[in-house]
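The block underneath contains the structure these notes are about, expressed in structure tokens.
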Amino acid sequence: MKVVDLHPWPATAEEATAIQDTLRPLADLTSPGPPTLRTVAGLDVAYADDRLAAAVVVLDADSLDVVEEATVLDRPAFPYIPGLFAFRELPALVGALRELTVTPDLLVCDGHGLAHPKRFGLACHLGVLTGLPAIGVGKTRLVGSYDEPATDRGAWSALSDGGQVVGRALRTQTGVRPVFVSVGHRADLEAACALTLRLAPRYRLPETTRLADRLSRRTLTGC
DNA sequence: GCGACAG
DNA sequence: ATCTTGTCGC
């Protein structure tokens, strides 16, 4: 699939923050979500020493069967700084997306979107660069506070930061820790949570990110 | 100054 | 993210 170029690429944290400020207004935070959902892509990155492997796995939205996979071996493009995490993985992830022959209807990112100190996490960034609907599903919190959701699958509570609801703590399986869902691009919070639940029929994490995680690790090991 | 801090 | 054994529980 086609993805816009990433330049200019930041050399400093200040430049990276400036790019976030520039792109933030382009994120669509209120659309109802993809009208038709045929394919869904999960993205993840694995690290070893100074190398990384980015993986994208495209699933059939109904059967959750794998439709296509793509990987890219690379070096971290930026140091890890909370809030600027996206700049570390973006080039490799975009490279993997470019190799896809099918254009997915949704991107499921491991990390946050709106639930970010500057309201522009990885899910927003990838959504804007690709133009595709994107949501963030994080394993841990970056910003905000929340009440512990009820114990049953589907239970949730608002994740609030700076007097604003930036996401939800969503229980995807009864009795497991919640995941943190936030809007990325072209899909509102309600849709993002419904999609997350649909993609996580059996485990805490969506099948998209579980499969992308597996693929990224295998790629790093087998080379 | 002291914590908190996606992956 | 990654380093890592056994162990508690369904």
Side-chain angles (χ1 to χ4, degrees), chain A residues 10 13 16-17 19-20 23-24 27 42-57 71-96 107-129 134-146 151-153 159-162 164-185 189 192-193 196 202-206 208-222:
Chain A
T17 301
I19 290 174
Q20 292 180 327
L23 298 181
R24 183 173 46 237
L43 308 87
D44 196 18
V45 175
Y47 298 85
D49 300 315
D50 57 343
R51 297 188 313 149
L52 62 75
V56 180
V57 177
T71 60
V72 162
L73 282 165
D74 206 343
R75 306 272 176 190
F78 209 77
Y80 172 67
I81 301 172
L84 300 179
F85 161 66
F87 293 94
R88 191 168 170 74
E89 306 189 335
L90 227 31
L93 288 174
V94 166
L107 264 31
V108 180
C109 311
D110 80 304
H112 299 97
L114 228 208
H116 175 277
K118 304 302 273 296
R119 306 294 182 258
F120 197 73
L122 176 65
C124 299
H125 209 140
L126 270 173
V128 168
L129 291 182
I135 65 174
V137 180
K139 295 180 285 292
T140 62
R141 180 196 66 90
L142 206 211
V143 297
S145 58
Y146 63 99
T151 184
D152 53 302
R153 167 177 154 90
L159 176 65
S160 302
D161 183 54
Q164 176 190 187
V165 174
V166 296
R168 285 180 187 174
L170 174 66
R171 198 90 69 183
T172 54
Q173 299 296 328
T174 299
V176 305
R177 288 178 299 154
V179 297
F180 299 86
V181 180
S182 62
V183 168
H185 185 54
L189 187 52
C193 289
T196 298
R202 171 109 207 246
Y203 299 102
R204 180 169 91 112
L205 297 179
T208 37
T209 69
R210 294 187 67 242
L211 292 171
D213 178 80
R214 273 193 1 177
L215 179 56
S216 64
R217 297 195 190 195
R218 273 190 286 125
T219 303
L220 204 51
T221 299

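Naming: A, B, ... by sequence-line order, numbering from 1 per chain. Being a predicted model, the structure only gives us computed values, none of them experimental.
Counting heavy atoms from C-beta on, the side chains of A:Leu126 and A:Val94 come closer than 4.5 Å. Residues A:Leu159 and A:Arg168 are not in side-chain contact: their nearest non-hydrogen atoms beyond the backbone lie 4.5 Å or more apart. Residues A:Leu170 and A:Pro178 form no side-chain contact, since every pair of their non-hydrogen atoms from C-beta on lies 4.5 Å or further apart.
Using a 4.0 Å heavy-atom criterion, one finds that A:Ala46 contacts the sugar-phosphate atoms exclusively. Within the 4.0 angstrom heavy-atom criterion, no nucleotide atom of any strand lies near A:Arg51.
Here the P atom of nucleotide C:dC10 and the CD atom of A:Gln173 are 16 Å apart, to the nearest Å.
In A:Arg214, the CZ atom is not crowded: 12 or fewer heavy atoms of neighbouring residues, nucleotides or ligands sit closer than 6.0 Å.
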Could you write out each protein N or O paired with an N or O of nucleotides 2-7 of chain B at a distance under 3.5 Å?
residue	atom	partner	partner atom	Å
B:dC5	OP1	A:Arg141	NH2	2.3
B:dA6	OP2	A:Tyr80	OH	2.4
B:dA6	O4'	A:His112	ND1	3.3
B:dA6	N7	A:Gly83	N	3.2
B:dA6	N6	A:Gly83	O	3.2
B:dA6	N6	A:Phe85	N	3.4
B:dA6	N6	A:His116	NE2	3.2
B:dA6	N1	A:Leu122	N	3.2
B:dA6	N3	A:His112	N	3.1
B:dG7	OP1	A:Lys139	N	2.9
B:dG7	OP2	A:Thr140	OG1	2.8
B:dG7	O3'	A:Asp110	OD2	3.0

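For A:Arg141 and A:Tyr146, the positive end is not near the middle of the six-membered ring at less than 6.0 Å and at most 45° from its axis.
To the nearest 0.5 Å, atoms CD (A:Gln173) and CG (A:Leu205) are separated by 10.0 Å.
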Item to complete: Represent DNA chain C in dot-bracket notation, 5' to 3'. Only Watson-Crick or G-U wobble pairs with both distances under 3.5 Å count; pseudoknot-style crossings use [ ] and interstrand partners use |.
Response: ..........

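Checked against the 6.0 Å centroid criterion, the rings of A:His125 and A:Phe87 qualify as a close aromatic pair.
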Worksheet item: Does the side chain to side chain contact (heavy atoms under 4.5 Å, CB included) test come out yes or no for A:Leu189 and A:Ile135, once each step is laid out?
Response: CA-CA 9 Å; A:Leu189 187 52; A:Ile135 65 174; over 6 Å; no

